[in-house]
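Accompanying notes for the structure given below.
Naming: A, B, ... by sequence-line order, numbering from 1 per chain. Hydrogens, waters and symmetry mates are skipped; everything else that's a heavy atom, side chains included, is used.
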Amino acid sequence: MMRFLLLFSRQGRLRLQKWFTPTPEREKKKIIRDMTTMVLARKPRSCNFLHWRDLKIVYKRYASLYFCLALEDQDNELLALEILHRYVELLDKYFGNVCELDIIFNFEKAYFILDEFLMGGEIQETSKQIVNRSIEASDMLQETMEEYMSKPAF
Amino acid sequence: MSPSVRLQEMIRVIRSARTQGEERGVIQRECAAIRAQFRQADNGGRSHNLAKLLYVHMLGYPAHFGQMECVRLIASPRYSEKRVGYLGAMMLLDEKQDASLLITNSIKNDLSHSSQYVQSLALCTLACMGSAEMCRDLAPEIDRLLRASNSYIKKKAALCAVHIVRKVPELGELFTPAARSLLSEKNHGVLHGAVVLITELCERNPETLEQFRKTVPDLVQIMKGLVTTGYSPEHNVAGISDPFLQVRILRLLRILGRNNDAASDAMNDLLAQVATNTDSSKTAGSAVLYETVLTVMDIKSESGLRVLAVNILGRFLLNNDRNIRYISMTSLQKIVVTDHNAVQRHRGTIVDCLKDPDASVKRRALELSLALVSAVNIRSMMKELLLFLSSCPPELKAQAACGIFNAAGGDVRDETVPNLIQLITTASDLHCYTVHKLYRALITDISQQSLVQVACWCIGEYGDLLLRGECDEIEPVQVSEDDVLDALETVLQSHMSSPATRGFALTATMKLSTRITDNVDRIRSIVSIYGSCIDVELQQRAVEYNALFKKYDHMRYATSCTENLNKKSSFCFPFVCGLLKVCDLLDLLGGSEEPPQPGPILGSTAPGPASTAGGDLLDLLGGLETPETPETPALTPAPTLTVYEKNGVTLKLHCHKQSETGLTVTLTASNSSDWDMSSFTLQAAVPKVRLPPNPVYMLISHK
């Protein structure tokens with residue numbers, strides 16, 4: 001299973017964190033520090049895989065964001081690269097040419113999309129269309145409910 | 001008007017803060033406002049406030065006061081509030097918080113909600129942070145959803161079940177029947193969830209594994225469908241139909257086929273088909289091939305298939321993509337023990353990877369090359385490895401050198417030992433890693449003399465690092481003081497150890513006496529046993545060390561300092577022993593009233609020179625021999641003595657009698673190198689014998 005997924009900028013600012021196992025706050029902060037230091041120190045054309053403690057770390061840079069996934073021993077690293085790519089594609093479809101600012105200002109949507117794609121450290125849905133449709137439907141539900149209640153959401 | 005404006009406004013304000021202090025100020029104000037809002041009654045902006053809090057939390061600020069608000073929002077009938085409430089629960093609550101139990105009831109209710117999107121929120125949250133308690137409570141609900149719901153909910157319920165099984169393994173039995181029936185679903189999401197669930201159940205329970213072996217034909221069928229099907233736009237990734245599902249099925253087949261001939265036979269054809277037909281020009285295809293290779297190597301596959309798998313890895317080694325080269329080497333590392341000959345065929349490519357600019361690839365290539373060294377190829381391999389050692393990055397040097405030593409065995413020239421020790425000393429951040437690795441090499445095999453000598457030296461020097469147990473780069477193993485002493489004693493007692501090696505081991509044992517706390521007596525007894533050893537050198541060392549224990553225990557720490565190893569002998573001890581001899585003799589002769597002059601013992605890199613106390617006595621004895629000091633001249637009754645000359649540092653002792661009862665010893669230290677010398681410390685050890693009636697002045701002049 002995947003242990004955690006982190007998104008951070010080139011300056012090491014965290015944009016998204018998803019933890020698939022219960023982790024104390026202090027430990028989370030330490031892990032984030034370690035990951036940002038390790039990944040940002042990598043040279044541009046290095047291999048996308050790292051070893052850290054007993055986990056395999058897979059990272060990929062998309063524009064100004066680093067996507068960092070921690071895997072257990074049995075997990076397939078090459079597939080993890082595909083998982084990261086799939087998530088970026090989903091974000092791109094939703095926001096239309098997604099960039100870091102979209103994720104900053106709409107972080108809760110980024111989480112909602114992630115929660116339709118991955119769950120409990122595993123892939124939940126392998127079809128892009130189905131994930132997109134689910135998100136659209138949830139958003140629609142939220143809006144109709146809001147119109148019905150005639151109160152703004154956020 | 002966009003619904004998120006107020007949240008986005010806050011984000012904008014925070015981002016426009018120019019300093020950390022300014023940001024903190026803004027956030028403190030916002031948090032205060034949010035807290036006030038939480039205390040008020042429902043004002044329609046609750047989800048908005050919680051969302052702001054979650055943003056602040058992501059920046060690293062404390063947000064625990066939002067936990068109860070999450071609980072309240074989850075219980076709200078509004079979907080938008082539930083959505084943010086559940087998100088907050090996943091971010092702020094975990095099973096250790098008390099508040100998490102409070103949402104169990106809400107989750108239970110939402111699992112039976114009429115809207116599948118509300119059900120989905122509950123399932124997602126349960127799978128993310130459900131505690132064992134909550135899991136036990138809600139397992140029957142999940143089972144119900146596994147059987148009778150639409151595919152959207154089924155796939156989520158399956159992963160929820162996976163989480164439950166991980167938290168409470170006994171509940172696995174509850175889900176087994178449902179899992180079995182899910183395999184006949186057509187929906188890929190459900191199928192994927194089912195495969196993950198079955199994998200989890202089989203890994204935890206061997207009986208369940210037996211049961212699910214019967215599903216191998218079904219899984220093979222599904223795989224065949226995926227591999228041979230035409231283009232399916234919904235699941236296509238770079239020409240591969242649903243690589244995510246394919247990889248999971250292959251992984252399950254691996255578990256089912258392991259140690260079982262029948263199951264392995266049933267999947268043989270399929271694996272061959274996948275291995276030959278999958279297009280590996282893109283990552284997706286390579287991922288599937290990689291998983292196939294792992295499966296083939298792990299089950300009882302026929303030899304033709306194994307050769308095919310190793311050849312795929314060999315092809316990967318030549319791939320332009322660095323990731324794929326890295327992956328293939330990791331896999332080859334796993335199989336090099338069992339399929340050594342097959343991997344040997346690719347030795348040339350592997351050795352070429354030593355020159356890869358990427359550090360991770362280099363590291364893997366090194367490990368693999370070392371594993372491939374055999375009696376047949378040792379010459380060419382050594383040439384490559386030594387070439388690598390001379391140009392490799394510093395973090396790999398220790399590993400490479402150790403590996404070369406291991407491989408080279410006993411055919412190593414004598415000079416390499418001190419040279420290697422020199423190398424290890426300079427790489428100070430690698431001391432921990434080096435001593436761990438050498439210790440492990442030592443306990444496996446003590447026949448390679450040079451390796452054993454280096455290992456003993458390292459254990460003596462860095463024994464405290466070894467016993468502390470933690471080391472970043474390798475898996476930690478708890479090493480106790482007894483373990484280390486056992487290892488050294490084995491070396492001492494083994495007939496395979498040469499006298500020089502024994503010397504190393506004895507010195508290392510002695511040095512450990514200052515680095516360990518519990519077993520000093522054991523060390524004492526080891527040392528005293530060798531006091532009557534046949535080997536003269538060993539006996540001499542043992543006697544000297546014994547003396548250190550008995551009379552000069554207080555000096556033991558000072559003399560066990562870090563030192564440079566020059567030839568074979570340790571520098572420090574002989575000098576101090578020379579000093580001790582002088583003291584003994586003074587006692588014997590009931591000598592001068594003043595005590596032996598304290599000899600300066602330098603703390604960092606220089607050994608302690610022996611002091612001369614009273615030229616007359618030395619005359620009487622016709623000069624004193626200090627054992628095994630190839631670097632120093634024999635002590636003569638000359639008034640000026642150069643006791644240390646190395647690396648540009650020269651130490652001279654100058655004695656002259658001032659009065660009948662007083663002797664002045666001047667230590668002159670000079671630096672003839674081009675660099676400044678810093679951290680020069682002088683430590684003087686004064687034996688607790690008698691205080692001098694006159695003060696002892698030590699005149700030191702620095703240059």
Of the listed residues (A:Ile130, A:Asp115, A:Ile123), which shares the most heavy-atom pairs with chain B below a 4.5 Å separation?
-> A:Ile123

Option in A:His51, A:Lys43, A:Lys28 with maximal non-hydrogen atom pairs under 4.5 Å from chain B = A:His51

In terms of heavy-atom proximity below 4.5 Å to chain B, should [X] be classed as side chain, backbone, both, or neither?
X: A:Lys128; answer: backbone
X: A:Ile83; answer: both
X: A:Glu25; answer: side chain
X: A:Arg15; answer: both
X: A:Ser134; answer: both
X: A:Trp52; answer: neither
X: A:Phe107; answer: side chain
X: A:Leu114; answer: neither
X: A:Glu82; answer: both
X: A:Leu81; answer: side chain
X: A:Arg86; answer: side chain

In this structure, are over 12 heavy atoms from other groups packed under 6.0 Å from A:Lys93 atom NZ?
-> no

Result for side chain to side chain donor-acceptor pair (under 3.5 Å) between B:Tyr152 and one of A:Arg133, A:Glu116, A:Glu125 points to A:Glu116

Go through B:Glu23 and A:Arg13 one step at a time and tell me if the salt bridge (Lys or Arg N to Asp or Glu O under 4.0 Å) criterion holds.
-> CA-CA 14 Å; B:Glu23 181 184 284; A:Arg13 306 274 289 192; 3.3 Å; yes

Could you tell me which of [options] has the largest number of non-hydrogen atom pairs under 4.5 Å with chain A?
options: B:Lys282, B:Arg325, B:His57; value: B:His57
options: B:Glu200, B:His163, B:Arg15, B:Arg254; value: B:Arg15
options: B:Arg83, B:Lys156, B:Met58; value: B:Arg83
options: B:Ser286, B:Gly193, B:Ala284, B:Pro357; value: B:Ala284

Heavy-atom contact with chain A under 4.5 Å, split by part of [X]:
X: B:Leu294; answer: neither
X: B:Met90; answer: side chain
X: B:Leu87; answer: side chain
X: B:Val118; answer: neither
X: B:Lys167; answer: side chain
X: B:Ser115; answer: side chain

Closest contact, heavy atoms only, [X] versus [Y]:
X: B:Cys128; Y: A:Lys18; value: SG-NZ, 4.1 Å
X: B:Pro233; Y: A:Gln129; value: O-NE2, 4.0 Å
X: B:Arg322; Y: A:Ser46; value: CD-C, 4.1 Å
X: B:Asp94; Y: A:Thr23; value: OD2-O, 3.8 Å
X: A:Phe105; Y: B:Arg12; value: CE2-N, 3.8 Å
X: B:Pro243; Y: A:Leu79; value: O-CD1, 4.0 Å

Less than 4.5 Å apart, any side-chain heavy atom of [X] and any of [Y]?
X: B:Ile327; Y: A:Phe49; value: yes
X: A:Met119; Y: B:Ser120; value: no
X: A:Glu77; Y: B:Tyr290; value: yes
X: A:Trp19; Y: B:Met129; value: no
X: A:Asn106; Y: B:Gln8; value: yes
X: B:Gln116; Y: A:Leu141; value: no
X: B:Val84; Y: A:Glu108; value: no

Could you give me the CA-CA distance, side-chain angles and deciding distance for A:Gln124 and B:Lys155, then say whether side-chain hydrogen bond (donor to acceptor under 3.5 Å, both in side chains) is met?
-> CA-CA 7 Å; A:Gln124 190 192 136; B:Lys155 73 184 184 209; 4.7 Å; no

Donor-acceptor pair, side chain of B:Asn323 and main chain of A:Cys47, under 3.5 angstrom | no

Exactly one candidate in B:His192, B:His235, B:His188 meets side chain to side chain contact (heavy atoms under 4.5 Å, CB included) with A:Ser127; the answer is B:His235

Decide side-chain hydrogen bond (donor to acceptor under 3.5 Å, both in side chains) for A:Gln142 and B:Ser80; before the verdict, give the C-alpha distance in whole Å, the side-chain angles of both, and the deciding distance to 0.1 Å.
-> CA-CA 5 Å; A:Gln142 185 170 302; B:Ser80 60; 5.6 Å; no

To the nearest 0.5 Å, what is the distance between [atom1] on [X] and [atom2] on [Y]?
X: B:Phe244; Y: A:Asn76; atom1: CZ; atom2: CG; answer: 10.5 Å
X: B:Cys124; Y: A:Tyr111; atom1: SG; atom2: OH; answer: 12.5 Å
X: A:Leu78; Y: B:Phe316; atom1: CG; atom2: CZ; answer: 7.0 Å
X: B:Tyr79; Y: A:Thr144; atom1: OH; atom2: OG1; answer: 10.0 Å
X: A:Thr126; Y: B:Asp242; atom1: OG1; atom2: CG; answer: 3.5 Å

Stepwise, does the side-chain contact (heavy atoms from CB on, under 4.5 Å) test hold for B:Arg251 with A:Asp75?
-> CA-CA 9 Å; B:Arg251 198 164 139 184; A:Asp75 296 321; 2.9 Å; yes

Charged N to carboxylate O under 4.0 angstrom, A:Arg45 versus B:Asp358?
-> no

Lys/Arg N to Asp/Glu carboxylate O, B:Arg248 vs A:Glu122, below 4.0 Å = yes

